[in-house]
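Data block below; observations after.
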Amino acid sequence: MTVHGPHTGRARLAGRFIWHYLEMVIAMILGMLLLGLVWSAVLPGDTRFDVSTLIMAADMTVGMAVWMRVRRHGWAAIGEMSLAMFAPFLVLLVPYWFGALPGHLVMSIGHTLMFVLMAVAMLWRREEYLHRHHRLRVPWTWVRRAAVVLAVLLIPASVSAVNTIGKFGDQYRARADAVSARPVARTHDPAKPTVAFLVGGKGTNAADLLGPYEVLAGTGRVNTYVVSAGPRLVPLTGGLDIVPDLTFDELTRLMSERGDRLDAVVIPALQPPDPAESASISAWLRQQSAAGALTVSVCVGARTLAASGLLDGRPATSHWLRLSGLRKDFPNVRWTRGTRYVDDGNVITAAGVLSGIEGGLRIIERLLDPETARAAAQRVHWRHYVPGTPARIPESVLEPSDVVVALNASYQTGPSTIGVQLTEGVGELELASAFVSYTEYSMVGRTVAVGDGPIHSRHGLTFVPRSTVAAAGLDRLLVPGLDAARRHPAATGGPRPEYLHVNPEFAFDPVLRDLARTYDVQTARFAAKTLEYPVLDVKLTGSAWPWSATLVPVLLALLGGAAAVATSLVFRRIRARRLGPPVMTEPATLG
């Protein structure tokens, strides 16, 4: 016989108590994650910090309370635990409202107090958490049903995960081969303003960079340079590589030799750089700002600008889909929405993607004059320019119809491997429209730059293709550029070339029409929404919805259900064979 001493009993009770605490923490985290998904779909993307903090605390409290009820705890214990979780954040927001406590301390102190008070509440009512009748008992039928549901969802979920991870991973994947190319030699004119466009080694959004670049370079009255922290080939969205004009050190040397200074820096959305490059970028931005340069972010380039500290205490904007995360990460910035840009003296922040065109026009207004800005807008066929003031834009939020992008990322059945042929003299916006629209903003496929060697864009940028047309294995071959459509450059092998730009118009209009026609209208509308580009005057025709991509997960779920049923029948037959035929017994008789 085994004898359990008092120390053994106490250890078991302590283990039960600790495990119960861990269960509450897990339930709290699940509540925050699951309810957070719901709120993100119905609430504005830039919810105020105090409101989002209270929502987060409520989500954690609800998750914990539901689990305590499943565990059959009393309402008094549930109420005490809810108060222990919610009260710290409510109390700490009072000094936050008076400006005495920054947002990041509200979060860190609030979570610390919450965990401590949860333990205190459990110790206060410890019998409630040690009693055996609170053990969880799950009926076996629930387990079987859950297994069937998981089997039904397993195949569509696996296909979705593989496709989505692959498409997102390919957007800024660095090229595998070692290619070197030299940028175009430029003549610097000290009499002109000088604007530097920042790119990051891990990747840069093509539209954020090339939109304002063409607007400014097209005036012929600005020195424009694409600059990076180090000499390298930089990936842009969707398999397009650019050769930066100068490094930070080379630009500094050039400015010194010409007795000139930098007038503005444009910061597009960068893929998160490594720590060394990030520190170098932040230090460089602070240095340029201190020297008098105007710093201008485009879209999520506001994250890079905020990380440098140059936005602290200032109003700013960014892409509507990213404002919530920016608000949490940089609570000292006064984030706003519904406007093309925010001009705050020596700092300008533009909203999402194509709002960078407005940011570029504002730079022209500031460094040159409004008439030059008006002419620049007309040159690129931008119809939404409002001189001297930022235009209002819709305060977009995620809507149920936006699930279209998840369907495209997971199950798109249309042509998905898209080659984009690089041609000499192509417009920068024309190039950007082909690479970002089919990838990051609609997720219908993967693009790759194809051609026979480095090319130079209309205003002197150098791009390097990743493959030839014949070797890329393409479903479609798109050729951007009005000049290319007029010349019809020869393509060797591959699909028939499709010329995107055949009429003088804004570069994204024919691309959105092609998305609607080739895939579906809702995908084109979602792309326009994330580009922050109004399309009320752009006629989109095609299927209303990606019906084939919607049907695929249904068929995969049915396949998973059939596999679950078949597996269950097999196991039942095996079990029946092991048990053998039932034993027949004769009825007892009286003799």
Side-chain angles (χ1 to χ4, degrees), residues 161-179 181 197-213 226-244 266-278 280-281 297-305 307 318-319 321-322 325-326 352-354 356 405 408-409 412 416-420 422 428-429 431-451 454 457 461-467 472 478 480 511 527 530-531:
V162 170
N163 288 339
T164 301
I165 292 172
K167 285 183 179 178
F168 275 103
D170 283 346
Q171 286 184 35
Y172 294 96
R173 191 183 305 279
R175 62 189 304 142
D177 57 344
V179 175
F197 293 79
L198 178 66
V199 292
K202 293 294 183 66
T204 303
N205 183 281
D208 291 1
L209 171 69
L210 300 180
Y213 181 90
V226 172
V227 300
S228 63
R232 71 189 79 188
L233 201 62
V234 172
L236 303 184
T237 315
L240 175 64
D241 297 308
I242 188 172
V243 181
V266 177
I267 309 149
L270 308 181
Q271 291 300 292
D274 58 45
E277 184 181 21
S278 180
S280 176
I281 289 173
S297 68
V298 179
C299 194
V300 194
R303 175 173 291 278
T304 302
L305 189 55
S318 183
H319 195 287
L321 195 56
R322 304 299 183 189
L326 289 168
V353 199
L354 294 182
V405 72
N408 286 333
Q412 177 57 245
S416 60
T417 304
I418 303 168
V420 180
L422 305 186
E428 289 82 10
L429 270 167
L431 203 56
S433 69
F435 280 95
V436 302
S437 302
Y438 298 92
T439 56
E440 191 166 0
Y441 300 115
S442 68
M443 298 301 291
V444 295
R446 300 173 172 90
T447 53
V448 58
V450 296
S457 66
L461 294 179
T462 303
F463 298 94
V464 182
R466 293 197 173 187
S467 179
L478 304 179
V511 175
T530 49
L531 288 164

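Predicted model only: the values in this text are computed from it and were never measured.
Of all non-hydrogen atoms in Thr462 and Pro454, the two that sit nearest each other are CG2-CB, 4.4 Å. For the residue pair Gln412 and Val444, the shortest heavy atom distance occurs at CG-O, 3.5 Å. Shown here for Leu531 and Tyr441, the closest heavy-atom pair between the two residues is CD2-CD1, 3.6 Å. Scanning all heavy atoms of the two residues, the minimum distance from Val448 to Arg466 falls at CG2-CB, 3.9 Å. The two residues Glu277 and Lys202 have their closest heavy-atom pair at OE1-N, 4.4 Å. Looking at every heavy atom in both residues, Ala181 comes nearest to Val464 through CB-CG2, 3.9 Å.
Side-chain polar atoms of Glu428 and Ser457 form a donor-acceptor pair below 3.5 angstrom.
Looking at heavy atoms from C-beta onward, Val243 lies in side-chain contact with Leu233 at the 4.5 angstrom threshold.
A salt bridge does not link Asp170 with Lys167: every distance from a Lys NZ or Arg NE/NH1/NH2 to an Asp or Glu carboxylate oxygen is 4.0 Å or more.
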Can you give each donor-acceptor pair under 3.5 Å made by side-chain atoms of residues 206-213, sequence neighbours left out, with the distance rounded to 0.1 Å?
from, atom 1, to, atom 2, distance (Å)
Asp208, OD2, Ala269, N, 3.1
Tyr213, OH, Arg186, NH1, 3.4
Tyr213, OH, Arg186, NH2, 3.1
Tyr213, OH, Thr224, OG1, 3.4
Tyr213, OH, His459, O, 3.1

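Judged by distance alone, the side chain of Arg175 and the main-chain N or O of Pro465 form a donor-acceptor pair under 3.5 Å. Side chain of Ser280 to backbone of Ala276: no donor-acceptor contact under 3.5 angstrom is found. Glu440 contributes no side-chain N or O that, together with a main-chain N or O of Thr237, makes up a donor-acceptor pair within less than 3.5 Å. Between the side chain of His319 and the backbone N or O of Thr530, at least one donor-acceptor pair lies under 3.5 Å.
Exactly one of Leu431, Leu422, Val511, Leu429 qualifies for a side-chain contact (heavy atoms from CB on, under 4.5 Å) with Pro480. That residue is Leu431.
The distance from the OG1 atom of Thr417 to the OH atom of Tyr438 is 14.0 Å, given to the nearest 0.5 Å. One finds the CG atom of Leu198 at 5.0 Å from the CG atom of Leu270 (value rounded to the nearest 0.5 Å). In this structure, the separation between CZ on Arg303 and OG on Ser297 is 12.0 Å, given to the nearest 0.5 Å.
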Step by step, would you call Phe463 with Leu236 a side-chain contact (heavy atoms from CB on, under 4.5 Å)? CA-CA 10 Å; Phe463 298 94; Leu236 303 184; 3.9 Å; yes
Between Thr304 and Ile281, does a side-chain contact (heavy atoms from CB on, under 4.5 Å) hold up when you go through it step by step? CA-CA 8 Å; Thr304 302; Ile281 289 173; 3.8 Å; yes
For the pair Thr204 and Phe197, evaluate side-chain contact (heavy atoms from CB on, under 4.5 Å) and give the outcome as yes or no after the intermediate values. CA-CA 11 Å; Thr204 303; Phe197 293 79; over 6 Å; no
